[in-house]
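Contents: one structure, followed by commentary.
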Amino acid sequence: MRIEKCWFCSSAVYPGHGIQFVRNDAKIFRFCRSKCHKNFKMKRNPRKVKWTKAYRRLHGKDMTQDSTFEFERKRNRPERYDRNLTENTLKAIKTIDKVRSRREAKHIETRKKGKKAQLMREAVKELEQSISLVKAPSVLEEDKSYTLPKIKVKVSEAEAKNQPMEE
Amino acid sequence: MGGKCPHRNVKKRRYSHKTHRRDKFLVKGDDMVYDQLKKPDEEKKPLPVDEDLPGMGQYYCLHCDRYFANVAVRDEHFKTKRHKKRVKQMMGPAPHTQLDADIASGMGMPDNGPKLMSM
């Protein structure tokens with residue numbers, strides 16, 4: 001028996017669950033629960049609804065490209081029963097699942113890292129630009145401790161020569 | 001949109017939205033319209049004459065799936081905001097399909113086995 005995927009949210013639809021809609025051009029739409037069915041009837045685009053897998057994939061929230069995605073497929077070719085093969089497959093499912101969950105956790109970790117650096121950059125910029133809201137500019141001139149120290153960057157000679165050319 | 005209710009004296013329920021609701025389901029799905037638009041020009045057939053449709057079914061807007069009484073009305077429709085929005089939507093990426101849903105859930109491309117008949 002096949003475990004289908006919901007048209008709207010891409011979650012698994014187990015036998016006896018959800019609802020199926022067959023349009024008059026014979027296209028099948030499966031839904032895992034009434035929530036997804038209602039959203040479909042409202043003509044919502046799954047790519048624009050934040051809680052669906054399609055949205056999360058599109059916006060880089062989830063891992064997209066990975067070799068573990070190659071195993072689960074819709075196989076439209078009947079497989080001849082083989083006891084050893086079945087046993088091996090069942091064993092492999094466990095390991096693959098473990099590998100995938102580990103990679104997914106790593107993906108989330110890397111996403112979080114970038115955010116911290118970005119927040120820091122934004123905070124520094126805001127401090128530079130709007131320190132005058134906290135302290136008057138005259139105070140800043142008197143007390144140097146409020147301004148960030150200027151960073152000296154060495155400019156190579158070739159670059160220094162090129163600059164007047166731009167004007 | 002929607003016709004008038006017989007009970008005009010009841011202030012709260014003045015209009016019935018039944019017809020509007022029904023029309024909503026008669027409109028073609030986004031993916032069907034998209035497929036129609038993607039078809040090359042040679043495959044497109046001339047519109048069949050249907051006396052039940054407005055203007056004998058000769059003045060049709062493919063984007064909005066609507067029939068019009070004559071050319072003037074149809075051209076007026078082409079100028080509307082709703083039509084332009086629809087055209088813009090159809091120019092964008094292809095509508096969501098079951099295959100997209102499968103791939104988003106972490107499945108690979110479907111495996112149909114080797115081709116049995118070589119053409």
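Letters go in sequence order (proteins before strands), and every chain restarts at 1. The figures that follow rest on heavy atoms only: side chains count, while hydrogens, waters and symmetry mates do not.
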Check your understanding: For the residue pair A:P46 and B:H96, what are the closest heavy atoms and their distance?
Key -> CG-CD2, 3.4 Å
Review point. For A:R75, is it the side chain, the backbone, both or neither that has a heavy atom under 4.5 Å from a heavy atom of chain B?
Key: both
Review point. Salt-bridged, B:K28 to A:D25, with N to O below 4.0 Å?
Key: no
Point to revise | Candidates A:F21, A:W51, A:Y55 - the one meeting ring pair (Phe, Tyr, Trp, His ring centres under 6.0 Å) with A:F8 | key: A:W51
Point to revise | Contact origin within A:C6 toward chain B - heavy atom pairs under 4.5 Å | key: backbone
Exercise for review: For chain B, find its close neighbours in residues 79-103 of chain A: heavy-atom separation under 4.5 Å, sorted by number, or none.
Suggested key: A:R100
**Study point:** Which portion of A:R77 sits near chain B, non-hydrogen atoms under 4.5 angstrom
**Key:** both
Exercise for review: May I ask you to name which of B:D31, B:D30, B:L99 has the most heavy-atom pairs under 4.5 Å with chain A?
Suggested key: B:D31
Point to revise | Heavy-atom pairs under 4.5 Å with chain A, option from B:P110, B:G108, B:G106 with the top count | key: B:G106
Point to revise | B:Y34 six-ring face occupied by B:K38 cation (under 6.0 Å, within 45°) | key: yes
Review point. Is a side-chain donor or acceptor of A:T110 paired with a backbone partner of A:K106 at a separation under 3.5 angstrom?
Key: yes
Review point. What closest approach, in Å, do A:K27 and B:D35 show between heavy atoms, and which atom pair accounts for it?
Key: NZ-OD2, 4.1 Å
Practice item. Select, from A:E70, A:R56, A:R47, the one with the greatest count of heavy-atom pairs under 4.5 Å involving chain B. Key: A:R47
Check your understanding: Between B:F68 and B:Y60, does the ring centre distance come in under 6.0 Å?
Key -> no
Exercise for review: Determine the sole option in A:K53, A:R111, A:R57 for which the side chain to side chain donor-acceptor pair (under 3.5 Å) test with A:D62 is passed.
Suggested key: A:K53
Exercise for review: Could you tell me which non-hydrogen atom of A:C32 sits nearest to which non-hydrogen atom of A:C36, and how far apart they are?
Suggested key: SG-SG, 3.5 Å
